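Quick caveat, the model's predicted, so the values are computed rather than measured.
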Number of protein chains: 2
Amino acid sequence: MPDYQAPLRDLRFVMDEMFDYPAHYARLPNGEDADPDTVAAILEEGARFSREILLPLNQSGDQEGCTWEGGEVKAPKGFREAYQQYVEGGWPGLSADPEYGGQGLPPSLAMILSEMICASNLAWGMYPGLSHGAADALRHHGTEEQKRTYLTRLIEGTWTGTMCLTEPHCGTDLGLIKTRAVPQDDGSFEISGTKIFISAGEHDLAENIVHLVLAKLPDAPQGSKGISLFVVPKFLPGADGEVGERNGVVCGSLEHKMGIHGNATCVMNFDAAKGFLVGAPNKGLACMFTMMNDARIGVGIQGLGLMEASFQNSLAYARDRLQMRALSGPKASDKPADPIIVHPDVRRMLLTQKAFAEGGRMLVLYAAQLVDVVASGEEGHERADELLGFLTPIVKAFLTEVGFESTNEGVQVFGGHGFIQEWGMEQRVRDSRITRLYEGTTGIQALDLLGRKVLMSQGESLKLFTKEVHKFCQAEADNEALKGFIEPLAKLNAEWGELTMSIGMKAMEDREEVGAASVDYLMYSGYVTLAYLFARAVKCARHALSASPSDAAFYHAKIQTAQFYFARILPRTRAHAMMIQAGAESLMAVSEGDFGLGFEI
Amino acid sequence: MPDYQAPLRDLRFVMDEMFDYPAHYARLPNGEDADPDTVAAILEEGARFSREILLPLNQSGDQEGCTWEGGEVKAPKGFREAYQQYVEGGWPGLSADPEYGGQGLPPSLAMILSEMICASNLAWGMYPGLSHGAADALRHHGTEEQKRTYLTRLIEGTWTGTMCLTEPHCGTDLGLIKTRAVPQDDGSFEISGTKIFISAGEHDLAENIVHLVLAKLPDAPQGSKGISLFVVPKFLPGADGEVGERNGVVCGSLEHKMGIHGNATCVMNFDAAKGFLVGAPNKGLACMFTMMNDARIGVGIQGLGLMEASFQNSLAYARDRLQMRALSGPKASDKPADPIIVHPDVRRMLLTQKAFAEGGRMLVLYAAQLVDVVASGEEGHERADELLGFLTPIVKAFLTEVGFESTNEGVQVFGGHGFIQEWGMEQRVRDSRITRLYEGTTGIQALDLLGRKVLMSQGESLKLFTKEVHKFCQAEADNEALKGFIEPLAKLNAEWGELTMSIGMKAMEDREEVGAASVDYLMYSGYVTLAYLFARAVKCARHALSASPSDAAFYHAKIQTAQFYFARILPRTRAHAMMIQAGAESLMAVSEGDFGLGFEI
């Protein structure tokens, strides 16, 4: 039976020692509520809830899946009860606006909890998870009445939300959507069309479901400039705000998927459903990005949670499983063989998992502070917003790419047993596979990073970050404690800018150069970003060690993990840099018809 | 519905134009039967059988899985009938010894067919596939009576075989096995114990199952030197050789797995089952390696088949799916969007799949010629055997590692649809996941390559190959047609030797350096091996083009694929070389107890 414990010690290190969250919270307008004791209590209670309530439903939910009958969907056994406990605990409104019933704590706290939830039970976590995006869209673009009606319920958790974007013929290219919205005399709209891949589109966890739906008005311009956003509730709210008449939106079927079986992925049929415009007509895409950016970071956190969970279980197995003797001689002579953690290649796999999980946590908590500042609207929020925009595709795509690698290393540590469902390791692989795809594939994130964020800002958004790295490297250049870290980091940081320039130059001749470099550029960016964060972690760990703490072993392991990262992971940047420089030529040479000449008759 | 066509054109290129299979077959003792017309007829019929009989059962087999009732196992619907057609077609004995009913064609032909079978339906292919290893062990180590009784039936296909090695507490470390063999007065043995992960251990495809079982004699030495091999039939053969009394070996349960659902992975309980010694007492491990080497190459071919199948379907989807416009301007102005094959990053994924499938095919067909020569016992068989021993872990581990990457790229090309079962892309990922694990994980293959094959031969086995590469590079150094290929290949080939030397030196100080470098060394070796083969492919393609053939496009695409491989895949060697050089230090530093300090309370 797989286990999971929230990494509270590591969280404390990153929050308190690296990024000084206590001071950060104290600076925020609502920060006095996020005092260290409250934060600690929330994290501990979140850890308990994740482990005791959600984790036990993870494997059973995967095996049972969701069931559909006549448009009604049942989530796996126990999911509904767990959700009720979640609502009773007040979790849905943790970081939400007090004006609409939320507790008003900084968004970063909800993000930290999200890691624990996703690590315990991703499929379950997506039910409340999707509500966040819907709530965000309403908070930013909804009318006061819409907020009172829908947002309060989403924050309460008695209703859940969805994002209805994708249609059978379009996912990335939302300009192609066909769902129609016809204005009615009462100011509402009749929404008709089919949406697919709607996570938590229908279920039995909450009394109502609030769909945020992209659709086209009759006179809408072509393409993505003609998309509007509507709120379409499953049950129309009555005059009293309670659940009223059933609306014309029905789940037509459930998708059969590789993973996240416990979450209902729905085909949603809108048949003259009553909807209400959110935001301005034809401005739906901008509203959608409000949901999307939040969701993208959320998916990165899913990658993080899954790799931590996988790591913890492969570590336990590697300590327990006896197989072969160490090449340098027996280590457990009293046993018939050594535990496999003695073997260097097993350690390579475990350390890869450990480094990505800890590095990913630093990245998420770095980004989470920016989210707090942006949400606060306080001084520095514009810079934070730009930096966050730059980091969002990295958080999303890099953490899900290495997350998938990492859950696969978890399987590999188990050998053949990793392939067997009972151990729970293969479920993490299947669940993590979707994170590379939804809310924009890795390829789409890479275009967002390189094309929209970096090149369209003339490199300014990149510089916001590389300047910070540069300053750090300069300040620590002579710090003996950081020997072996600063020099390679400074080199990579400089190269990052040079590669960007070189792509930018080529792209002026041929726009395809952007797409050709994009994924390698994103991965390169991710590796360098983690290198910077690990160097900062080493600085903090060395500092802590200078006071001879009782838990010195934790800090030594942190430094050793950073050393592993620099020695055995960071060299991947060499390959990515060369591939970026190789350009588009070899990608564009083969003509479309010639790809299949080896097998097409 | 996923499709698959055997890549006959590409096979012909590699067989006829690159490796001159016609001349190769003509040199073999039994080669006159493998004339070009016969070979072509076999490949075409194999292609038809795979596509028409096996492919339609692939998804249904995955969804239905196997069923267990009271020790009896049923394979998915249609599997039994397909197997009967396979037997009626004479396929099981294609490359088997005519002395025992086989057709005596070179083993390479069975390997080539195996690619098609695995590409169509891996789970089905494992039922006949496991028989090969069992037949091989009996042919090399069985008595004449054992061959007449069992081998003839395996070759006929009316009986199938298994390899019973793994036990709950040991997979890699077979010295730990507990299954016992007690000698009986009639010269037989009573076998008792539990074996797990037994592929095709019980099923309804054939009338009898021949288990090759590792067990320990009462007086056996400790460890792997005390293992003996036994043949244990499900039904004891009667005096007439027909199926007789039921033996004491029963399937206790089926494993629930991530993939290959259509194949029965069995827990096999041996309860005083009657068995017969194969080979000498306590020499079972050597017998087992006879099965194992064959099986390892077989698993590499599985990786190849799965990536070809995935590639063909992602290519079709990329041509069909309309989404976004090319960054450089619309390519299909008559359509609402461009087919996604216009996007450079989609092409990167498709070309990655194409390059690995074509490169993998070259590697398999290169190795297959060695298999033929070894099997023939003719001149050169010793060199061929050593070279094959060197290449076997590369074929197994490299092709399954990049095979898994490649099936995942296939999912990625499909975006969210790739995660949905109906498209068949995620099944390829799940099925290919096992190939990195069974018959020795990638880590075990890497130790075999670096430790046993390369370092224990003082680098001689490596030199057999690198000398060949070196000669090729020297001969083609001034060949304008190979510009851009020879120089990087020659550099890598030299570096390969230097890296080996450097690991060897370090390993003299610390044996853990071998394990620390092994997987990166294996991957490095794989990439360089494919670079050599692609360079040879370019030479052949250029030669063919000089005659202005009607299918010039095929040769151009081949050269372009090689260019892509050199530009966008081969740079990965830079990362692996650096990781090899980084050594064991960062892997061994963290002490076992400190790995979990971030979450352990």
Side-chain angles (χ1 to χ4, degrees), chain A residues 5 7 9-10 171-173 176 197 255-258 315 323-324 327-328 336-337 341 343-345 347-348 415-416 419-421 426 434 437-438 441 443 511-512 515-516 518-519 553-554 557 560 563-564 567-568 571-572 574-575 578-579 582 584 586-587 589-590 592 594-599, chain B residues 5 7 9-10 171-173 176 197 255-258 315 323-324 327-328 336-337 341 343-345 347-348 415-416 419-421 426 434 437-438 441 443 511-512 515-516 518-519 553-554 557 560 563-564 567-568 571-572 574-575 578-579 582 584 586-587 589-590 592 594-599:
Chain A
Q5 297 180 59
R9 177 66 187 91
D10 198 52
T172 299
D173 196 352
L176 301 176
F197 299 167
E255 301 287 358
H256 299 101
K257 311 181 299 285
M258 183 182 187
L315 173 59
Q323 209 79 175
M324 309 302 282
L327 290 176
S328 55
I341 197 171
H343 304 306
D345 191 59
R347 292 174 150 259
R348 181 186 59 78
F419 197 66
I420 307 299
Q421 290 175 0
E426 60 87 39
I434 188 62
L437 298 165
Y438 62 14
T441 62
R511 291 288 296 157
E512 303 297 358
S518 56
V519 167
F554 171 83
Q560 289 158 345
Q563 281 162 339
F564 166 81
R568 303 288 301 222
R572 297 181 188 186
R574 298 302 85 226
M578 286 179 73
M579 292 169 193
S586 72
L587 300 180
V590 185
E592 188 185 321
D594 294 350
F595 268 86
L597 291 179
F599 65 91
Chain B
Q5 298 180 58
R9 177 66 187 92
D10 198 52
T172 299
D173 196 352
L176 301 176
F197 299 166
E255 302 286 359
H256 299 101
K257 310 182 299 285
M258 184 182 187
L315 174 59
Q323 208 79 173
M324 310 302 282
L327 289 177
S328 55
I341 197 171
H343 304 306
D345 191 60
R347 292 175 150 257
R348 181 187 60 78
F419 197 66
I420 307 297
Q421 290 176 0
E426 60 87 38
I434 188 61
L437 298 165
Y438 62 15
T441 61
R511 292 287 295 156
E512 303 296 359
S518 56
V519 167
F554 171 84
Q560 288 158 344
Q563 281 163 338
F564 166 81
R568 303 288 302 221
R572 298 183 188 185
R574 297 303 83 224
M578 285 179 73
M579 292 169 193
S586 72
L587 300 180
V590 185
E592 189 185 318
D594 295 350
F595 268 85
L597 291 179
F599 65 91

Chain B interface, residue from [options] that has the most non-hydrogen pairs under 4.5 Å:
options	result
A/Gly515, A/Pro344, A/Gly416, A/Ala575	A/Pro344
A/Glu255, A/Gln560, A/Arg9	A/Gln560
A/Pro571, A/Pro336, A/Ala553	A/Pro571
A/Gly171, A/Ala557, A/Gly443, A/Ala584	A/Gly171

Can you find a pair of side-chain heavy atoms, one from [X] and one from [Y], that are under 4.5 Å apart?
X	Y	result
B/Lys257	A/Glu426	no
B/Leu587	A/Arg568	yes
A/Thr172	B/Met324	yes
A/Arg347	B/Phe595	yes
A/Val590	B/Phe564	no

Work out which heavy atom in B/Ala582 is nearest to a heavy atom in A/Ala567; give both atom names and the distance.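 Taking every non-hydrogen atom into account, CB-O, 3.7 Å.
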Residues B/Gln323 and A/Asp173: closest non-hydrogen pair is OE1-N, 3.0 Å
Under 4.5 Å, counting heavy-atom pairs only, tell me which of [options] racks up the most with chain A.
options	value
B/Ile434, B/Val519, B/Asp594	B/Ile434
B/Asp345, B/Thr441, B/Leu437	B/Leu437
B/Arg348, B/Arg511, B/His256	B/His256

[X] [atom1] to [Y] [atom2] distance, which is reported to the nearest 0.5 Å:
X	Y	atom1	atom2	answer
A/Arg572	B/Met578	CZ	CE	13.0 Å
A/His343	B/Glu512	NE2	CD	8.5 Å
B/Ile341	A/Glu592	CD1	CD	5.0 Å

A/Gln563 and B/Ser586: side chain donor to acceptor below 3.5 Å: no
Per-residue contact mode, A/Leu315 against chain B (heavy atom under 4.5 angstrom): side chain
B/Leu176 versus chain A, heavy atoms under 4.5 Å apart: side chain, backbone, both or neither?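 Side chain of B/Leu176 only, per the 4.5 Å heavy-atom cut-off to chain A.
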Checking heavy atoms, do the side chain of B/Tyr438, its backbone, both or neither come under 4.5 Å from chain A? neither
